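I have placed the structure first, in the form of structure tokens, so that the comments after it can refer back to it.
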Amino acid sequence: MRSLALVLATLLSAPLWAEPVEVNGAWVREPIPGRAMSAAFMQLSNPGSADKVLVSARAEWAGNIEIHTHTNDNGVMRMREIESITVPAGGNVSLQPGGLHLMLFNLQLPLNAPLALELCFADGECQTVTADIRGMEGPGMGPGKGGHHRGH
């Protein structure tokens, strides 16, 4: 009976030993002058054996953060809020301009790096990451390519 209790305790505590998602290259786009919104991007890697599901994010410097994707609506790219992002076991997900990203609203400006950002997962685990700030000419942006958040 004692060994059964030990096995059950081990199984029930397994999520506590789950490997956290690895976050690399986190950055926030510098807000457009006069606007208090922006977006955050990063690479998420899951070294664990179970999927991890990102369900929310929060930061002291942002009033609201939503998880967004881009969809093709009859040839027009549109941003849409989504409930979550699944990071598959042993896999990676990129949050990048033109794709999945965290939409940041009601920013407390000016932003000063490093920016602490808390990511929360469906299993109840939250982890804090730090993000840099990059201008509109950040990687892959180039002149005139950074305006997809303007009408949001």
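Since this is a predicted model, take the numbers as computed values, not measurements.
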> Are any of the side-chain nitrogens in K52 or E19 under 4.0 Å away from the carboxylate oxygens of its partner?
Replying inline: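 No.
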> After noting the C-alpha distance and the side-chain angles of I85 and V55, does the key distance pass the side chain to side chain contact (heavy atoms under 4.5 Å, CB included) rule?
Replying inline: CA-CA 7 Å; I85 296 173; V55 294; over 6 Å; no
Keeping the roles fixed (side chain from [X], backbone from [Y]), state whether a donor-acceptor pair exists under 3.5 Å.
X: N46; Y: G91; result: no
X: D73; Y: V76; result: no
X: E66; Y: L104; result: no
X: W61; Y: A116; result: yes

>> Would you say CD of E81 has more than 12 non-hydrogen atoms from neighbouring residues, nucleotides or ligands within 6.0 angstrom?
In response: yes
> Please, which pairs that meet salt bridge (charged side-chain N to carboxylate O under 4.0 Å, His left out) have at least one residue in residues 101-118, sequence neighbours excluded?
Replying inline: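 Listed by first then second residue: R58-E118.
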> Does any pair with a residue in residues 98-108 pass salt bridge (charged side-chain N to carboxylate O under 4.0 Å, His left out), and if so which ones, sequence neighbours excluded?
Replying inline: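 Passing the test, one end in residues 98-108: no pairs.
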> So V53 and V87, side chain to side chain contact (heavy atoms under 4.5 Å, CB included) or not? Walk me through it.
Replying inline: CA-CA 6 Å; V53 181; V87 186; over 6 Å; no
>> Run the side chain to side chain contact (heavy atoms under 4.5 Å, CB included) test on M103 and M79 for me, step by step, so that the C-alpha distance in whole Å, both residues' side-chain angles and the decisive distance to 0.1 Å come before the verdict.
In response: CA-CA 10 Å; M103 194 69 203; M79 281 190 297; 4.3 Å; yes
Which distance, rounded to the nearest 0.5 Å, do you find between the [atom1] of [X] and the [atom2] of [Y]?
X: S45; Y: N92; atom1: OG; atom2: CG; result: 3.5 Å
X: L117; Y: E60; atom1: CG; atom2: CD; result: 11.5 Å
X: S56; Y: F121; atom1: OG; atom2: CZ; result: 9.0 Å
X: H68; Y: R80; atom1: NE2; atom2: CZ; result: 10.0 Å
X: M42; Y: L54; atom1: CE; atom2: CG; result: 8.0 Å
X: S38; Y: I133; atom1: OG; atom2: CD1; result: 9.0 Å

> Does a donor on one side chain sit under 3.5 Å from an acceptor on the other, for D51 and T86?
Replying inline: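 Short answer, no.
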>> Can you classify the ring geometry of H101 versus H70 as parallel (below 30°), tilted (30 to 60°) or perpendicular (above 60°)?
In response: tilted
> Hey, mind stepping through R134 and V28 against side chain to side chain contact (heavy atoms under 4.5 Å, CB included) and telling me if it holds?
Replying inline: CA-CA 6 Å; R134 295 187 190 165; V28 170; over 6 Å; no
>> If the condition is salt bridge (charged side-chain N to carboxylate O under 4.0 Å, His left out), which residues does E22 pass it with, not counting sequence neighbours?
In response: none
